[in-house]
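First the structure, in the form of structure tokens, and then the observations on it.
In this chain, numbering begins with 1 at the start of the sequence shown.
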Amino acid sequence: MKIWVDADACPNVVKEILFRAADRAKISVTLVANQYIRTPPSPFLRSIQVEQGFDVADNYIVQECEVGDLVITADIPLADELITKGAHALNPRGELYTKDTIKQRLQMRDFMETMRSSGIQTGGPSALTQADRQNFANKLDAFLAKNHKIQ
């Protein structure tokens with residue numbers, strides 16, 4: 001199992017949690033972004049810079065991840081593709097998307113996009129709170145405890 005990160009929009013505090021988890025669990029964490037993302041020195045961390053363009057990083061992650069891998073993303077359509085492929089998706093606030101929840105999330109996302117395109121101001125997501133960070137760290141730890149054996 002590997003961890004992939006949709007790193008362009010991933011908050012730095014979440015990346016830091018992932019960096020510590022990679023070393024602690026001895027698991028490969030790959031950050032994929034349209035720009036260079038610096039990682040601390042570790043045999044378990046790497047950063048891949050893909051070309052600029054719409055969904056280039058997302059497409060790379062879908063192509064490279066395997067069944068059972070975990071992807072950190074807030075991108076609902078990407079999460080849907082990953083779950084269909086047999087991977088897992090966890091958002092930076094600690095919500096683990098599942099086959100049962102992802103379709104509802106897609107519908108809500110599409111509804112909000114329709115509202116925005118009709119001129120209604122919907123606002124963006126709220127700032128990541130300390131509780132969100134803790135929730136993410138707890139869900140990541142629980143996922144790794146259940147799905148990853150340290151070698």
Side-chain angles (χ1 to χ4, degrees), residues 1-66 68-85 87-98 100-113 115-116 121-148:
M1 185 187 92
K2 297 176 182 170
I3 297 176
W4 298 87
V5 183
D6 183 8
D8 283 315
C10 186
N12 287 332
V13 294
V14 169
K15 290 177 200 163
E16 291 169 14
I17 292 167
L18 289 163
F19 296 159
R20 289 190 299 272
D23 285 329
R24 184 179 66 250
K26 298 179 178 15
I27 188 167
S28 170
V29 174
T30 303
L31 289 86
V32 181
N34 298 117
Q35 59 190 331
Y36 174 74
I37 304 282
R38 188 169 178 259
T39 61
S42 168
F44 304 105
L45 299 174
R46 71 184 180 134
S47 177
I48 295 177
Q49 183 177 355
V50 295
E51 294 178 19
Q52 295 290 324
F54 185 71
D55 284 345
V56 175
D58 296 357
N59 293 338
Y60 182 90
I61 292 169
V62 170
Q63 180 181 355
E64 295 298 319
C65 83
E66 298 177 356
D69 285 355
L70 175 64
V71 179
I72 310 304
T73 186
D75 185 316
I76 305 293
L78 173 59
D80 183 44
E81 279 189 78
L82 296 164
I83 290 168
T84 299
K85 186 174 180 175
H88 305 276
L90 177 66
N91 80 16
R93 295 179 188 272
E95 179 184 1
L96 186 64
Y97 300 115
T98 65
D100 296 332
T101 63
I102 195 64
K103 298 303 180 197
Q104 178 184 11
R105 292 285 183 211
L106 265 175
Q107 289 173 346
M108 180 57 78
R109 177 200 169 274
D110 292 345
F111 172 73
M112 296 304 283
E113 193 168 290
M115 299 286 283
R116 282 189 294 274
Q121 297 295 320
T122 60
S126 59
L128 206 65
T129 65
Q130 183 61 37
D132 292 330
R133 294 176 204 153
Q134 189 63 53
N135 189 41
F136 175 80
N138 290 343
K139 290 286 173 71
L140 178 64
D141 286 345
F143 183 88
L144 292 175
K146 182 179 177 185
N147 297 287
H148 176 68

Quick one: list whatever passes ring pair (Phe, Tyr, Trp, His ring centres under 6.0 Å) with Tyr60, sequence neighbours left out. none

For Asp69, all residues meeting salt bridge (charged side-chain N to carboxylate O under 4.0 Å, His left out), sequence neighbours excluded: none

Tell me every residue that passes side-chain contact (heavy atoms from CB on, under 4.5 Å) with Ile83, counting only those two or more places apart in sequence or in another chain. Tyr97, Lys99, Ile102

Going through the distances and angles, do Leu144 and Ile3 end up as a side chain to side chain contact (heavy atoms under 4.5 Å, CB included)? CA-CA 10 Å; Leu144 292 175; Ile3 297 176; 4.1 Å; yes

Close side-chain approach of Val5 to Ile37, heavy-atom, < 4.5 Å: no

Distance in Å, Leu90 CG paired with His88 NE2, rounded so as to fall on 0.5 Å steps: 11.0 Å

What heavy-atom pair brings Glu66 and Ala87 nearest, and what distance separates the two atoms? O-CB, 3.9 Å

If you measure from CG on Leu96 to CG on Leu70, what distance do you get to the nearest 0.5 Å? 7.5 Å

Considering only residues two or more places apart or on different chains, which pairs with a residue in residues 8-17 satisfy salt bridge (Lys or Arg N to Asp or Glu O under 4.0 Å)? none

By side-chain hydrogen bond (donor to acceptor under 3.5 Å, both in side chains) - contacts of Arg20 (at least two apart): none

Tabulate below the donor-acceptor pairs under 3.5 Å that side-chain atoms of residues 133-142 make, not counting sequence neighbours, or state none.
from, atom 1, to, atom 2, distance (Å)
Arg133, NH1, Gln130, OE1, 3.1
Gln134, NE2, Asn138, OD1, 3.0
Asn135, ND2, Arg93, O, 2.7
Asn138, ND2, Gln134, O, 3.3
Lys139, NZ, Gly94, O, 3.4
Asp141, OD1, Arg24, NH2, 2.6

Distance col, row Ile27:CD1 vs Met1:CE, nearest 0.5 angstrom, shows 3.0 Å

Only counting residues at least two apart or in another chain, list the ones meeting side-chain contact (heavy atoms from CB on, under 4.5 Å) with Ala74. Pro92

Which residues satisfy the salt bridge (charged side-chain N to carboxylate O under 4.0 Å, His left out) test with Glu81, sequence neighbours excluded? none

For Ser28, enumerate each residue passing the side-chain hydrogen bond (donor to acceptor under 3.5 Å, both in side chains) test, keeping only those at least two apart in sequence or located in another chain. none

Side chain to side chain contact (heavy atoms under 4.5 Å, CB included), that's the test. Do Phe19 and Leu31 meet it? Break it down for me. CA-CA 10 Å; Phe19 296 159; Leu31 289 86; 3.8 Å; yes

Reported CZ-to-OG distance for the pair Arg38 and Ser47, which is rounded to 0.5 angstrom: 11.0 Å

Qualifying residues under side-chain hydrogen bond (donor to acceptor under 3.5 Å, both in side chains), relative to Thr101, sequence neighbours excluded: Thr98

Rounded to the nearest 0.5 Å, what's the gap from CD1 on Ile48 to CD1 on Ile61? Could you check? 9.0 Å

Can I get a per-line list of side-chain donor-acceptor pairs under 3.5 Å for residues 49-59, giving both atom names and the distance, sequence neighbours left out?
from, atom 1, to, atom 2, distance (Å)
Gln52, NE2, Asn34, O, 2.7
Asn59, ND2, Asp55, O, 3.1

Nearest-0.5 Å distance, CG of residue Asp75 to CG of residue Asp6: 6.0 Å

Listed by chain and number, what are the side-chain hydrogen bond (donor to acceptor under 3.5 Å, both in side chains) partners of Asp23, not counting sequence neighbours? Ser42

